[in-house]
2 protein chains.
Amino acid sequence: MTNVLNNIIKSQKGRSRTATLEDVAQAAGLSPMTVSRALNNPKVVRPATIARVMEAVNSTGYIPNMLAGGLATSRTKLIAVVVPQINNNMFVDTVQAISDQLAVRGYHMLLCIVGYEPEDETDIVSTLLSRRPDGIVLTGIHHTSELKRIILNANIPVVEIWDLTPTPIDMLIGFSHEKVGNAIGEYFATRGFTNFGFICASDRRAMVRKNGAISVLRTIPEHDIKEVIVSRPANMEVGRHALRQLLDSGHHFDAIICSSDTLAQGAIMEAEAQGLRVPDDFSVIGFADLNFAAHNRPAITTVSVDKWDLGIRAADMLADKIEGIAVAEPIVDMGYRLVIRESA
Amino acid sequence: MTNVLNNIIKSQKGRSRTATLEDVAQAAGLSPMTVSRALNNPKVVRPATIARVMEAVNSTGYIPNMLAGGLATSRTKLIAVVVPQINNNMFVDTVQAISDQLAVRGYHMLLCIVGYEPEDETDIVSTLLSRRPDGIVLTGIHHTSELKRIILNANIPVVEIWDLTPTPIDMLIGFSHEKVGNAIGEYFATRGFTNFGFICASDRRAMVRKNGAISVLRTIPEHDIKEVIVSRPANMEVGRHALRQLLDSGHHFDAIICSSDTLAQGAIMEAEAQGLRVPDDFSVIGFADLNFAAHNRPAITTVSVDKWDLGIRAADMLADKIEGIAVAEPIVDMGYRLVIRESA
DNA sequence: TTGTAGGCGTTATCAT
DNA sequence: ATGATAACGCCTACAA
């Protein structure tokens, strides 16, 4: 049984040690190289030999050492994933999708949560690279030139996600935040709205969406625009507070444009707490189509992006490139969908 | 400059290769061992030498290879974290807290999202161990005996989180789901409620909370209890649907007990959609004190656990044990707090 | 304070 | 189909 042989291994050196290929080879009466082949390239090994190896693997409790394997092959089956946050609902679906699909493809995920500062990202990615990941996922397209230099030097596939540019570091899958903003602006502009309140998180992409909307809204004669920029995290409480600020400003609003559904949900809550009705007194629009948006009361009008599919495809793009499979579309625009529900 | 030396490295072998300690040593006119010491144990190296090393590191663009380092030292500065899900709001704070604190302590996080099946967990942890992590975080206390055997054999520190038992694999930080359930039951029992509807996710811990509540509620004379077990994911939509099922059953309810705030929020939404008022027509209680619970309308009565602190402390327990610092409390009961707000 | 030799566990490569 | 040898890049242990 397992324990018997484990004990032998332990007693040889006088203390605990995990089984190695050598141990398995000894148990099977084979060379380490043959065991390695039986495990990694079974089709060149005789079936009977494979059986012997498997038995020895079980009896020794052998677990391969991927540090040694990676060192020898320069392939680690490791993907580093870098995101600014996961507890704001925005990226968590994408991260879980990436994780799931990487697992399907036989990779592990090294997850790093770095916040929104490009300098922090640079330092952290640098240490991440010391794990020699086979590929890396970065959120967004704004990185320090130092970071780009480091990554290029490491010479591994990269996928940037959640934004769009014609000049990614390597591969890219995302959508245009500016166009999302434009679409929101046009929705209101073509419906005769004139007075707008923005509740916008202070991160760069949220700002781009906001400015995209504003650039359209400015074309409306006699428009009025009032902004509240909120510090992260953009949770429901912050949304409620921001709406209060807008209402206290004395402006009148036709529509409140929020940089996320969470803020929108908060704004709606606060409106109703103050005896106002959405969309009767004013409209509210969010972003991201988070899982509660469709089921809120009122259901939240928003811009939807396929966060899950984005993650799946990002993982596949990386795995494909790593494995030498040509990536047909190295730059993917996922697009977005304006989803009109009750709140606007 | 960087590129010059990088090019030298490249041309030596005719193709791209990342700089090694050897390259840095050559550039600095030192031995690899001295470079290694300058980087990892600077206090035993002359300051002038360190300066030379740093210059060479910069000029070569050297990034240490932790595969090689880990192989040599058997320490990887890697922690494997295993959770069932992250996109249900329950674990995401804890995971982010673990990630943050591990970063502070100089560790990277290998994150694995395994679902709720113990067998899947076993296989996945087994492959995870091939990375030779310095420690591992497991969610919950129910694992296959095979898993326990494998982990014990690997001989690394383990922290189980988010549950409580006197007999953890190694260390543990969490809380008693049964007692959480008891507390909920007592809250209603002492207030004269008699008719209960449960909306409960089908995972094991949610069930334990439910049964903990029921065991108390059964002591109420003429109680009536009706359950709906919902399939994952336990999102707002599912909560709405489940409440509809309860109402359609024709039972009358004083209180709806939900296994998460998300389900509770859905139940409240659905109630109001049907013209019912919470808590006037019936009370609703959730679990976890998710970030929206306090700011919902009505604010959601719930049981709060300090998810963030739990993660911080789990990371510290692991790092301490790995680094030979005695862990004063290897079994930590985080407790819970019944937070009475408006919905119940 | 710095350098040398050897080994960590695996796989590529070249035999047999 | 299987085996022997030499890396992979770093660090421990010992030597100078």
Side-chain angles (χ1 to χ4, degrees), chain A residues 9 12-13 15-53 56-57 60-78 127 129-132 134 154, chain B residues 9 12-13 15-53 56-57 60-78 127 129-132 134 154:
Chain A
I9 292 169
Q12 279 176 340
K13 302 262 177 174
R15 58 183 202 78
S16 178
R17 185 175 65 78
T18 67
T20 69
L21 224 39
E22 177 79 42
D23 298 316
V24 178
Q26 233 149 56
L30 293 163
S31 76
M33 201 51 236
T34 302
V35 175
S36 172
R37 271 191 286 253
L39 262 23
N40 302 318
N41 194 11
K43 54 182 173 291
V44 304
V45 177
R46 211 168 9 130
T49 308
I50 294 182
R52 272 163 71 198
V53 168
V57 164
T60 53
Y62 173 68
I63 293 185
N65 184 328
M66 295 187 82
L67 299 174
L71 184 59
T73 60
S74 320
R75 281 173 291 104
T76 54
K77 289 283 183 176
L78 231 203
T127 70
L129 289 177
S130 68
R131 306 275 174 193
R132 298 296 187 266
D134 287 339
Chain B
I9 293 170
Q12 279 176 339
K13 302 263 177 172
R15 59 185 200 74
S16 177
R17 183 174 67 80
T18 66
T20 69
L21 224 40
E22 176 81 43
D23 298 316
V24 178
Q26 233 151 56
L30 292 164
S31 77
M33 201 50 238
T34 302
V35 176
S36 172
R37 271 190 286 254
L39 263 23
N40 302 318
N41 195 13
K43 54 181 172 292
V44 304
V45 178
R46 218 177 350 141
T49 309
I50 293 181
R52 273 163 72 199
V53 168
V57 165
T60 53
Y62 174 68
I63 292 184
N65 184 328
M66 295 186 82
L67 299 175
L71 186 57
T73 60
S74 316
R75 280 172 290 105
T76 54
K77 289 280 182 180
L78 233 202
T127 70
L129 289 177
S130 67
R131 307 276 174 192
R132 297 296 185 267
D134 288 339

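Not measured: the values here are computed from a predicted model.
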For a quick test of reading the model: is some side-chain N or O of [X] closer than 4.0 Å to OP1 or OP2 of [N]?
X	N	answer
A:Thr20	C:dC8	no
A:Asn40	C:dT11	yes
B:Ser74	C:dC8	no
A:Thr34	D:dG3	yes
A:Ser36	C:dT11	yes
A:Arg131	D:dG9	no

Requested in this report: Find which nucleotide of DNA chain C each of B:Ala68 and B:Thr49 is nearest to by heavy atoms, and output the residue with the more 5' nucleotide.
Outcome: B:Thr49
**Report entry** Pairwise 5' ranking along DNA chain C for B:Pro32 and B:Thr73, keeping only the more 5' one
**Finding:**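 Counting from the 5' end, the first nearest nucleotide belongs to B:Pro32.
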Using whole Å, report how far [atom1] of [X] lies from [atom2] of [N].
X	N	atom1	atom2	result
A:Glu22	C:dT11	CD	P	13 Å
B:Leu67	D:dG9	CG	P	10 Å
B:Leu71	C:dC8	CG	C1'	4 Å
B:Arg37	C:dT4	CZ	P	11 Å
A:Leu30	C:dT16	CG	P	20 Å
B:Met33	D:dC14	CE	P	14 Å
B:Arg132	C:dG9	CZ	C1'	9 Å
A:Tyr62	C:dG9	OH	P	10 Å

**Report entry** Contact nearer the 5' end of DNA chain D, comparing B:Asn65 with A:Val35
**Finding:**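 Result: A:Val35.
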Query - Sugar-phosphate only, base, or nothing, as touched by A:Pro64 at under 4.0 Å among non-hydrogen atoms - result: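 Sugar-phosphate: the residue A:Pro64, judged by heavy atoms under 4.0 Å, touches backbone atoms but no base.
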Query - B:Asn65 side chain reached by B:Thr20 side chain, heavy atoms, under 4.5 Å - result: no
**Report entry** Close side-chain approach of A:Leu39 to A:Leu21, heavy-atom, < 4.5 Å
**Finding:**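 They are in side-chain contact.
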Query raised in the report: What is the minimum heavy-atom distance between A:Leu71 and B:Leu67, and which atoms define it?
Result: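 Scanning both residues completely, I find the closest heavy atoms to be N-CD1, 4.0 Å.
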**Report entry** Over all atoms of both residues, closest heavy-atom pair of A:Arg132 and B:Thr18
**Finding:** NH2-OG1, 3.7 Å
**Report entry** Options D:dC10, C:dT10, D:dT2, nucleotide nearest the side-chain atoms of A:Ala72
**Finding:** C:dT10
Query raised in the report: Between the side chain of B:Arg52 and the main-chain N/O of B:Gly29, is any donor-acceptor distance below 3.5 Å?
Result: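 Yes: the side chain of B:Arg52 pairs with the backbone of B:Gly29.
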